[in-house]
Amino acid sequence: MSTLNLQDIPRVKNISKEDFIKHYFKPQKPVVIERFIEDWPAFDKWNLDYMKSVAGHKTIPLYDNRHVHHKDGFNQPHAEMNMSDYIDLLKSEPTKYRIFLWNILKEVPVLQQDFQYPDFGLKLMKGLPMLFFGGKDSYTFMHYDIDLANIFHFHFEGKKQCILFDQQQNKYLYKVPHSLITREDIDFSNPDFHKWPALKNAKGWICELNHGEVLYMPEGYWHYMRYIAPGFSMSLRAIARHPKNLSKAIYNLFVMRNIDNLMRKLKGQRWIEWKNERALINTSKGISR
């Protein structure tokens with residue numbers, strides 16, 4: 001089995017706002033906080049059965065691990081299902097279907113009563129608490145978020161593996177141009193270094209998240225998430241503060257995304273294939289210098 005060059009993400013039981021800013025936000029380093037939310041009602045209440053009871057009637061968008069196609073819209077779901085049926089599926093058998101970016105304020109307002117917006121010293125975007133669900137061995141492709149936000153990722157039920165890289169590792173990751181992903185055919189849980197030799201040079205971070213733990217992902221960090229057991233997470237986010245990241249976020253939202261959508265319409269699948277080929281070429285050039 002091939003293994004990436006990953007160090008364990010630091011873990012703390014709890015942390016003050018001042019220590020978080022000093023030791024993790026300012027140096028832009030990830031951290032897992034183990035016992036930060038034990039006073040939230042969500043800590044005791046939030047599990048798959050509870051979600052089924054409050055949102056079982058909802059029709060939910062689902063995503064799987066199929067590769068990008070030119071006809072796919074930005075974050076366009078691959079299927080839909082009733083939440084009650086989806087949770088039954090999660091609990092009964094492995095499935096690739098995941099819920100991605102599900103806004104709980106909009107969909108299930110009652111869940112707001114179960115958590116608070118924590119004071120980490122960063123202004124959180126209170127309109128965007130997002131839920132993510134997955135079944136055993138389902139995973140997200142390695143990607144970073146379009147707005148390069150600071151992300152606080154709270155996990156519930158089950159266990160989840162998280163692999164992170166900062167933006168300085170881009171030249172080793174086979175980043176696909178005009179997008180937010182690496183090559184989708186890379187298995188980051190067991191990478192083939194013969195096929196993807198540059199990955200041997202990438203330095204990243206790894207952790208396993210358990211129920212009630214929160215992972216801080218700094219601005220623009222790449223992340224690959226794999227569900228070791230069925231479960232779900234909630235992300236809260238704060239706008240990028242570093243000027244370079246903020247300008248990149250604005251570019252991604254208003255320029256890059258529109259260019260990509262236009263080229264998909266004009267060139268179809270040839271655009272996707274060209275981007276994947278450029279990922280190989282650009283990474284090979286980067287490591288040969």
Side-chain angles (χ1 to χ4, degrees), residues 9-10 12 15 17 19-34 36-37 40 42-43 46 61 63 74-75 77 98-109 111-134 140-156 160 162-167 179-181 204-205 207 209 212-225 227 231-254 256-257:
I9 295 173
V12 296
I15 196 165
K17 173 172 65 175
D19 282 346
F20 170 75
I21 293 292
K22 178 181 177 181
H23 296 296
Y24 301 104
F25 171 69
K26 283 190 175 175
Q28 288 288 280
K29 300 293 185 187
V31 64
V32 174
I33 311 168
E34 296 178 342
F36 192 82
I37 68 164
W40 287 10
F43 181 77
W46 282 21
Y63 300 80
F74 188 77
N75 286 342
R98 295 176 290 106
I99 300 178
F100 176 71
L101 286 175
W102 201 56
N103 189 324
I104 63 176
L105 289 184
K106 178 182 169 188
E107 300 293 340
V108 195
L111 293 176
Q112 294 177 73
Q113 300 169 18
D114 295 338
F115 70 93
Q116 298 93 43
Y117 291 91
D119 183 6
F120 287 111
L122 302 178
K123 188 174 182 181
L124 296 172
M125 292 184 257
K126 294 189 176 178
L128 294 171
M130 297 292 187
L131 286 183
F132 305 78
F133 288 68
T140 63
F141 294 119
M142 183 67 75
H143 69 286
Y144 67 93
D145 287 14
I146 193 167
D147 58 355
L148 283 84
N150 294 277
I151 301 169
F152 298 91
H153 197 65
F154 303 81
H155 189 62
F156 299 93
K160 191 178 200 178
C162 310
I163 296 175
L164 310 182
F165 293 101
D166 62 39
Q167 288 280 317
S179 72
L180 310 167
I181 60 173
W205 305 83
C207 73
L209 282 184
E213 296 179 341
V214 52
L215 167 64
Y216 167 62
M217 292 184 279
E219 297 177 11
Y221 263 50
W222 293 89
H223 42 285
Y224 163 92
M225 307 282 194
Y227 291 85
F232 61 100
S233 307
M234 177 178 73
S235 278
L236 301 178
R237 56 208 303 116
I239 196 167
R241 299 273 288 272
H242 191 287
K244 183 178 178 182
N245 290 336
L246 190 55
S247 62
K248 191 172 182 182
I250 293 168
Y251 173 82
N252 286 345
L253 285 161
F254 297 107
M256 183 273 288
R257 182 163 61 177

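Heavy-atom minimum distance, Ala240 versus Leu148: CB-O, 3.3 Å. Shown here for Gly220 and Gln167, the closest heavy-atom pair between the two residues is O-NE2, 2.8 Å.
A heavy-atom distance below 4.5 Å is found between the side chains of Phe120 and Phe36. You'll find the side chain of Ile104 reaches within 4.5 Å of the side chain of Phe115, heavy atoms only. At least one side-chain heavy atom of Leu111 sits under 4.5 Å from a side-chain heavy atom of Val108. Using a 4.5 Å heavy-atom threshold, the side chains of Trp102 and Pro61 count as touching. Counting heavy atoms from C-beta on, the side chains of Leu209 and Val32 come closer than 4.5 Å. Residues Ile250 and Lys248 form no side-chain contact, since every pair of their non-hydrogen atoms from C-beta on lies 4.5 Å or further apart. Met217 places a side-chain heavy atom less than 4.5 Å from the side chain of Leu164. Asp145 is listed as a side-chain neighbour of His223, based on a closest heavy-atom distance under 4.5 Å.
Using modelled atom types and a 3.5 Å distance limit, the side chains of Trp46 and Asp114 yield a donor-acceptor pair.
To the nearest 0.5 angstrom, Leu122 atom CG is 11.5 Å from Leu236 atom CG. Arg237 CZ to Phe152 CZ: the interatomic distance, rounded to the nearest 0.5 Å, is 11.5 Å. Here OH of Tyr227 is found 7.0 Å from NE2 of His155. Values are rounded to the nearest 0.5 Å. Summarising the geometry, atom OG belonging to Ser235 is positioned 8.5 Å from atom CG belonging to Leu215; distances are rounded to the nearest 0.5 Å. Distance check: Tyr221 OH to Asp166 CG gives 4.5 Å after rounding to the nearest 0.5 Å. For the atom pair CG of Asn252 and CG of Leu180, the computed distance is 5.5 Å after rounding to the nearest 0.5 Å.
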Subject >> Worked verdict on Phe133 versus Arg98 for side-chain contact (heavy atoms from CB on, under 4.5 Å) >> reply: CA-CA 5 Å; Phe133 288 68; Arg98 295 176 290 106; over 6 Å; no

**OP:** Show the numbers, then the answer: is there a side-chain contact (heavy atoms from CB on, under 4.5 Å) between Ile239 and Lys123?
**Re:** CA-CA 8 Å; Ile239 196 167; Lys123 188 174 182 181; over 6 Å; no

Subject >> Asp147/Met125 under side-chain contact (heavy atoms from CB on, under 4.5 Å): CA gap, chis, key distance, verdict >> reply: CA-CA 12 Å; Asp147 58 355; Met125 292 184 257; 4.0 Å; yes

**OP:** Could you check Glu213 against Ile37 for side-chain contact (heavy atoms from CB on, under 4.5 Å), going step by step and ending with a plain yes or no?
**Re:** CA-CA 8 Å; Glu213 296 179 341; Ile37 68 164; over 6 Å; no

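The side-chain hydrogen bond (donor to acceptor under 3.5 Å, both in side chains) check on Lys17 picks up Asp119, with sequence neighbours excluded. In this structure Phe154 satisfies the ring-ring contact (aromatic ring centres under 6.0 Å, His included) test together with Trp40, sequence neighbours excluded. Under the ring-ring contact (aromatic ring centres under 6.0 Å, His included) criterion, Phe165 pairs with no residue at all, not counting sequence neighbours. In this structure, Tyr251 has no ring-ring contact (aromatic ring centres under 6.0 Å, His included) partners at least two apart in sequence or on a different chain. For His153, the ring-ring contact (aromatic ring centres under 6.0 Å, His included) partners at least two apart in sequence or on another chain are Phe132.
At least one donor-acceptor pair under 3.5 Å links the side chain of Asn103 to the backbone N or O of Leu105.
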Taking only distance into account, with no hydrogens and no angle test, what donor-acceptor pairs under 3.5 Å do side-chain atoms of residues 24-31 form with protein atoms, sequence neighbours excluded?
unit_1 : atom_1 : unit_2 : atom_2 : d
Gln28  : OE1    : Glu219 : N      : 2.9
Gln28  : NE2    : Phe25  : O      : 2.8
Gln28  : NE2    : Tyr216 : OH     : 3.1

